[in-house]
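Take a look at the structure set out below.
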Protein chains: 2
Amino acid sequence: MPTECQNCPLRKLSLFVDMSDQEVDFMQRFKSGELEVEAGTTLMMEGSNSPQLFTVLQGMGLRYKTFENGERQVINFVLPGDFIGLQAGVMREMQHSVEATTPMTLCVFDRKAVWALFRDQPERAFDLTWLAAVEEHLLGESLAIVGHMNGMGRVARAFVRLHDRADALGLLTNGEMHLPYKQQDLADALGLSLVHTNKTLKKLREQGVATWRNSRLKILSYPKLCSLAELSESREPMQRPLI
Amino acid sequence: MPTECQNCPLRKLSLFVDMSDQEVDFMQRFKSGELEVEAGTTLMMEGSNSPQLFTVLQGMGLRYKTFENGERQVINFVLPGDFIGLQAGVMREMQHSVEATTPMTLCVFDRKAVWALFRDQPERAFDLTWLAAVEEHLLGESLAIVGHMNGMGRVARAFVRLHDRADALGLLTNGEMHLPYKQQDLADALGLSLVHTNKTLKKLREQGVATWRNSRLKILSYPKLCSLAELSESREPMQRPLI
DNA sequence: CGGGCTCTTGACACAAGTCAAATCGCGTGG
DNA sequence: CCACGCGATTTGACTTGTGTCAAGAGCCCG
């Protein structure tokens, strides 16, 4: 039984900007269906042009680029509310791949409908661009992190960001969240080697800052973590549209 | 005497997708004026919300984020045809600063007109989103470069990218281009220290691959440079819209 | 019970950062 | 016209954060 946009649990989160009834109505028509995939499914392939676009309702995944030598750069982590396939929607093809790391429920849109959206729903088209700008912002931040922070700083930053995102999505219980990734995934996201990432995680454990075991991330001392991440403890999350 | 969009020299480049007469006409009305700034001018300020957006007609600049400790991460280099201020246009504020490193001529648009663009010109709104997606792609690439390549690879990659961009813009003469940046700028873009960047440049000189002096970059051996950058020599440039 | 992933650890090598000082270029002012 | 000062570029010496290699431990699943 597919979710009605009207009842979409994500919409109610304060993380996302409010939608008018009329907009909700349009989204309902824009939505072409719902998709459930199992962990490990590749949702988008670098270089391909998917006929479908998605919004994540449940589950987590990864965006990444692959190199000739087989290595990967993880672009970012995919959480509920994320839009997948913007590049396929407006450019010829995707520039990165997207993979599910848990079972996922996805809202499906028809690529061709994107044009209708621009023609008939300028507000929503605007939101799509907004989303692209948010994405650009996040990538710029990642670039800054990888470009300027050492191993400990990068891991701490990643944890703070994930913690905050989970918090905004209501996925946090007692400072604990589901983090269904491998250490290699985190390493590939931060531009660190697996070994060094592992040793950094160990330090965080020993210092009583955070533990990450069995796919569960537990923040033991948010202040310490923020300090390592060179972030102030009070940052208001940026609101963004949901599509 | 401001340039007529009709006669815009950039439009004719094959790098940019063609525009219908009607679109050119709209752009002419969308354009609110032209601006000339001198080198060193800050065009956009991180955290601010500029009332104006720009497209670069002439000159070069830098996008960057600043850290609490005064360091910078250069997000990318700004060349003619680049659109500046997308974030200000759709989000509350800019997430990075933009600075001119040479005198620049800019096409000026009114931020408020962006909404009119979405309402009245869906094709152009689509192009704006397209541009945002291109930006996202480029940032993803930068992230991959900084995350996975060593100093030599990064510098080589940067040179190839700049060379190709200049080429597509017709700014190349005998494999030579104007590159009005400091070594510190390049270092900040690549996440390297100034000293290490300098030593890497020296190696490139000694190996007869490329020289960069007096703001002029000269590629002596494109094949060697591509090999260092781990890129094939034949890559077709991605077409994108001009706004 | 065995095979195949992850995750951990230790030892070692090296790329890149830091510190410090010399040189070069250039505009300014005496 | 030369001396000075300041920013950018070079270089050398030393330190250290990370990568690489290799092997073992833990765990799940067939």
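Residue numbering restarts at 1 for every chain, and letters A, B, ... go by the order of the sequence lines.
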Got a sec, which residues hit side-chain hydrogen bond (donor to acceptor under 3.5 Å, both in side chains) with [X], two or more places apart in sequence or on another chain?
{"X": "Ser48(A)", "answer": "none"}
{"X": "Gln52(B)", "answer": "none"}
{"X": "Asn198(B)", "answer": "Gln183(B)"}
{"X": "Asp164(B)", "answer": "Tyr222(B), Arg235(B)"}

Using a 3.5 Å cut-off and no angle test, enumerate the donor-acceptor pairs between side-chain atoms of residues 69-77 of chain A and protein atoms at least two apart in sequence or in another chain.
residue: Asn69(A); atom: OD1; partner: Glu71(A); partner atom: N; Å: 2.9
residue: Glu71(A); atom: OE1; partner: His148(B); partner atom: ND1; Å: 2.9
residue: Arg72(A); atom: NE; partner: Asp188(A); partner atom: OD2; Å: 3.0
residue: Arg72(A); atom: NH1; partner: Asp185(A); partner atom: OD1; Å: 3.4
residue: Arg72(A); atom: NH2; partner: Asp185(A); partner atom: OD1; Å: 2.6
residue: Arg72(A); atom: NH2; partner: Asp188(A); partner atom: OD2; Å: 2.9
residue: Gln73(A); atom: OE1; partner: His148(B); partner atom: NE2; Å: 3.3
residue: Gln73(A); atom: NE2; partner: Asp188(A); partner atom: O; Å: 3.2
residue: Gln73(A); atom: NE2; partner: Ala189(A); partner atom: O; Å: 3.3
residue: Asn76(A); atom: OD1; partner: Arg63(A); partner atom: NE; Å: 3.0
residue: Asn76(A); atom: ND2; partner: Glu135(A); partner atom: OE2; Å: 3.0

Distance test, side-chain N/O of [X] to OP1/OP2 of [N], below 4.0 Å:
{"X": "Lys182(A)", "N": "dC5(C)", "value": "no"}
{"X": "Arg205(A)", "N": "dT8(C)", "value": "yes"}
{"X": "Gln184(A)", "N": "dC7(C)", "value": "no"}

- Sort and list the pairs that fulfil salt bridge (Lys or Arg N to Asp or Glu O under 4.0 Å) and have at least one residue in residues 219-232 of chain A, not counting sequence neighbours.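 Pairs touching residues 219-232 of chain A that pass the test: none.
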
- Can you list every salt bridge (Lys or Arg N to Asp or Glu O under 4.0 Å) pair that touches residues 151-163 of chain B, not counting sequence neighbours?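 Listed once each, the pairs are Glu141(B)-Arg161(B).
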
- Task: Rounding to 10 degrees, work out the angle separating the end axes of the helix from dC1(C)-dG30(D) to dG30(C)-dC1(D) (five pairs an end).
- Result: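 For the helix from dC1(C)-dG30(D) to dG30(C)-dC1(D), the axes at opposite ends meet at about 30°.
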
- Item | Derivation and outcome, side-chain contact (heavy atoms from CB on, under 4.5 Å), residues Val134(B) and Met91(A) | CA-CA 8 Å; Val134(B) 170; Met91(A) 295 169 48; 4.2 Å; yes

- Query: Which nucleotide of DNA chain D is the first, and which the last, in the 5' to 3' direction, to come under 4.0 Å of a heavy atom belonging to chain A?
  - Reply: dT18(D) to dC21(D)

- Message: Suppose the criterion is side-chain hydrogen bond (donor to acceptor under 3.5 Å, both in side chains): which pairs have a residue in residues 200-212 of chain B, not counting sequence neighbours?
- Response: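 Counting only pairs at least two positions apart or across chains, no side-chain hydrogen bond (donor to acceptor under 3.5 Å, both in side chains) contact touches residues 200-212 of chain B.
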
- Message: Checking Phe109(A) now: which residues fulfil ring-ring contact (aromatic ring centres under 6.0 Å, His included) with it, not counting sequence neighbours?
- Response: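 Partners of Phe109(A) under the ring-ring contact (aromatic ring centres under 6.0 Å, His included) test: Phe30(A).
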
- Query: Rounded to the Å, how far apart are Leu204(A) CG and dT8(C) C1'?
  - Reply: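 Atom CG in Leu204(A) sits about 15 Å away from atom C1' in dT8(C).
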
- Grab the CD-C1' distance between Gln183(A) and dC5(C) for me, whole Å please. 13 Å

- Heavy-atom pair with the smallest gap, counting every atom of Gly140(A) and Lys65(B):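 For Gly140(A) versus Lys65(B), the nearest heavy atoms are C-CE, 3.6 Å.
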
- Under 4.0 Å protein heavy-atom contacts per nucleotide of nucleotides 14-28 of chain C, with B for base, S for backbone only and - for none: --BSBB---------

